[in-house]
Amino acid sequence: MQKDNSPAQQDKNPTQEYNNLIPQQAGLIKELTWRGMIQDIMPGTEEHLAKGMTTGYIGFDPTADSLHIGSLVPILLLVHLQKAGHKPIALVGGATGMVGDPSGKSEERNLLSEDLLAHNLAGVKKQLEQYLDFDPSRPNAAEMANNYDWFREMSFLTFIRDIGKHITVNYMSAKDSVKKRLEGDNGMSFTEFTYQLVQGYDFYWLYTHKNCSLQMGGSDQWGNITTGTELIRRKSGGTAFAFTCPLITKADGGKFGKTEKGNIWLSAEKTPPFQFYQFWLNATDADAEKWIRIFTFLDQPTIETLITRHREQPEGRHLQKTLAREITSFVHGEEEYKKAVATTEKIFADQSAAAESLTEQDLESMEGVKIDYAAEKLAAGTDIVTFLAETGILPSKGEARKLVQGGGVSINRKKVDSLQLILDKGILLHGKYLMVQKGKRNFYLVRVI
RNA sequence: GGGUAGGUAGCCAAGUGGCCAACGGCAACAGACUGUAAAUCUGUCCUCUUCGGAGUUCGAUGGUUCGAAUCCAUCCCUGCCCA
């Protein structure tokens, strides 16, 4: 158990493994197929890719100023595309973001203000830039695009004459995302109805201006994507291709990427790497088997070996550890990954050990779980409920009280069994730390300053 | 514009004068069991509480009544049908 606990030494350097796995241009579809990353695919796509370097794109909606792990799959598709020798375009939806995608939504969306949109756009763009290779000396250098650039100057009349004329309302209404809303209880505004056309035009624009003949995306985008290929066919007689990846689900049917703390974001500010790492480490066995193929670049034999090993010895959690290692170092870099592991080991490795056995260095080096608390307050003595509420560990006194009553809070690894517990200086570790545990998996290190 | 069905807690959804802080389900959180897993069982799940209660809720505003989520009026919003 202890030996296996340090995944860092368990396998080779992850980036090395990425590199020795460069499928050929034609092999992209095969590669993605065994990974379970293909849901729908347009006939002829594989043959088209085999002909040579193809430019493909995926659109990202700026609904927040950071992408979350739901966007990770599309990002990975682009990375795979580039690894296979094709050219990826990451499109940010400056224009489509203003309209709102009805796909998968049962209700009309609220429009984002323009300021917020601009802010989000900048954040999303910055993140996307991290994951692809934009080096212009590469023949298949990645590119960034913003559909606002071509929609900004377009007039409404131009849109309905030059684009709208090519697609019938019948065609648009037949799309699942539209049909559901037409049949449902909430209706659909004209704005959202036009969304697929707006997105469809993106594809057409990229097709004519950037020679982009492939669109990818989540399977919820299939309807929007095919409107694009249809538009290309009708307006310019060309042929474009597309495939989608399945939406990531959890075995228990819950929403992927959500925890009690909310969304798991890709930005370290919104989700510290430690928590990011923990999210993957906590994957259930069933999920881990699926996810490791999708979220890592490990090759098929490696993954199969891992799965076999895991089935024989599930309590070793090799699968989760490898998954968490690969994806954390991909998103946050190896340094952050190592810190996350170090913190994890200190917190979880030997839980029966007294909190006092942790050295000051151990505590200080814990990343992603620290909270500061004013020394004066503690000097006077604070009751546990107030303390939990003031540190923000629990949102209110009421909730703090309930959780303590339910036995869900520990201080310095000792369960709090009384609401009357008064915290004062005497309880601090090394004179300045307090280890607070909420539930089994949520740790906070309160540092008194 | 006319007709009609609706608007209940994070979501779905009961309730149609007092027994309603509001059945039930989902989601969520915690406890037990475990492998920081799943399944299962238990508890919590509007806010505050000295755990006795207290305060604010059922689209909005007024009204009827000892008493309203439930009745009436007006308004707002949504679906569907007709024009």
(request) Report yes or no: is there a donor-acceptor pair, N or O only, under 3.5 Å between the side chain of A/Q405 and the base of B/rU44? (result) no
(message) Suppose we define a pair by two distances each less than 3.5 Å, Watson-Crick or G-U wobble; what does B/rC45 pair with here?
(response) none
(message) For the C1' atoms, the ones on B/rC26 and on B/rA13, what distance do you get once it is rounded to whole angstrom?
(response) 10 Å
(request) Tell me whether the centres of the aromatic rings in A/W280 and A/F295 are closer together than 6.0 Å. (result) yes
(message) Rounded to whole Å, please give me the gap between CZ in A/F274 and C1' in B/rU36.
(response) 10 Å
(message) I need the CG-P distance between A/D383 and B/rU49, as an integer number of Å.
(response) 10 Å
(request) Please report the C-alpha distance between A/R311 and A/E289 in whole Å, then the side-chain angles of each, then the deciding distance to 0.1 Å, and finally whether the salt bridge (charged side-chain N to carboxylate O under 4.0 Å, His left out) criterion is met. (result) CA-CA 10 Å; A/R311 285 190 180 153; A/E289 287 193 16; 2.7 Å; yes
(message) When the P atoms of B/rU74 and B/rG1 are compared, how many Å lie between them, rounded to an integer?
(response) 15 Å
(request) Assign each of A/G406 and A/L419 to its nearest nucleotide of RNA chain B by heavy atoms, then name whichever residue's nucleotide is nearer the 5' end. (result) A/G406
(request) Could you let me know what B/rC80 is paired to, Watson-Crick or G-U wobble, both distances under 3.5 Å, or none if it's on its own? (result) B/rG3
(message) Between B/rC71 and B/rC19, how many Å separate the two P atoms, rounded to a whole number?
(response) 16 Å
(request) Can you sort out the partners of A/Y57 under side-chain hydrogen bond (donor to acceptor under 3.5 Å, both in side chains), two or more places apart, ordered by chain and number? (result) A/Q215
(request) Please give the nucleotide sitting opposite B/rG35 as a Watson-Crick or G-U wobble pair, both distances under 3.5 Å, or none. (result) none
(request) Can you sort out the partners of A/A375 under side chain to side chain contact (heavy atoms under 4.5 Å, CB included), two or more places apart, ordered by chain and number? (result) A/V448
(message) List the residues meeting ring-ring contact (aromatic ring centres under 6.0 Å, His included) with A/Y131, not counting sequence neighbours, and say none if there are none.
(response) A/F330
(message) Can you list everything that forms a side-chain hydrogen bond (donor to acceptor under 3.5 Å, both in side chains) with A/T344? Sequence neighbours excluded, please.
(response) A/Q278
Expected rows: protein N/O vs nucleotides 37-41 of chain B N/O, under 3.5 Å:
residue, atom, partner, partner atom, Å
B/rA37, OP1, A/R441, NH2, 2.8
B/rA37, O4', A/R317, NH1, 3.4

(request) To the nearest 0.5 Å, tell me how far A/H310 NE2 sits from A/L323 CG. (result) 10.5 Å
(request) Take atom CZ of A/F443 and atom P of B/rA30, then tell me their distance rounded to the nearest Å. (result) 12 Å
Check the interface with nucleotides 81-83 of chain B: list each N/O to N/O pair with the protein under 3.5 Å, or write none.
none

(message) Within 90° of 0 counts as syn, otherwise anti: where does B/rG52 fall?
(response) syn
(request) In whole angstrom, give the distance that lies between atom CG of A/L394 and atom C1' of B/rA28. (result) 14 Å
(request) Mind jotting down which residue pairs meet the ring-ring contact (aromatic ring centres under 6.0 Å, His included) criterion with at least one end in residues 384-422 of chain A? Sequence neighbours excluded, please. (result) A/Y373-A/F387
(request) With sequence neighbours excluded, give me every ring-ring contact (aromatic ring centres under 6.0 Å, His included) pair touching residues 402-424 of chain A. (result) none
(message) Holding to side-chain hydrogen bond (donor to acceptor under 3.5 Å, both in side chains), I want the full list of residues that pass it with A/Q127, two or more places apart in sequence or in another chain.
(response) A/S66
(request) Identify the nucleotide, in any strand shown, that forms a Watson-Crick or G-U wobble pair with B/rA73, with both distances under 3.5 Å; if there is none, say none. (result) B/rU61
(message) Can you list everything that forms a side-chain hydrogen bond (donor to acceptor under 3.5 Å, both in side chains) with A/Y433? Sequence neighbours excluded, please.
(response) A/E364
(request) Check RNA chain B against residues 395-403 of chain A and give the residues with a non-hydrogen atom under 4.0 Å, in numerical order. (result) A/S396, A/K397, A/G398, A/R401, A/K402, A/L403
(request) Provide the distance between the two P atoms, one in B/rU47 and one in B/rA22, to the nearest whole Å. (result) 14 Å
(message) Test salt bridge (charged side-chain N to carboxylate O under 4.0 Å, His left out) on A/E129 and A/K126; report intermediate values, then the result.
(response) CA-CA 5 Å; A/E129 280 165 355; A/K126 213 177 102 201; over 6 Å; no
(request) Could you work out the separation of B/rA30 and B/rC45 based on their C1' atoms and round it to a whole Å? (result) 11 Å
(message) Taking only the C1' atom of each, what is the distance from B/rA73 to B/rU64 in whole angstrom?
(response) 10 Å
(request) Give a yes/no on whether any side-chain N or O of A/N442 is located under 4.0 angstrom from OP1 or OP2 of B/rA30. (result) yes
(message) So, using ring-ring contact (aromatic ring centres under 6.0 Å, His included) as the criterion, who are the partners of A/H332 when residues are at least two apart?
(response) A/F276
(request) Pick the C1' atom in B/rC58 and in B/rA9, then give their distance to the nearest Å. (result) 8 Å
(request) Would you indicate which nucleotide in B/rA32, B/rG35, B/rU36 comes nearest to any side-chain atom of A/E315? (result) B/rG35
(message) If I pick the P atom on B/rA54 and the same atom on B/rG3, what distance separates them, to the nearest angstrom?
(response) 46 Å
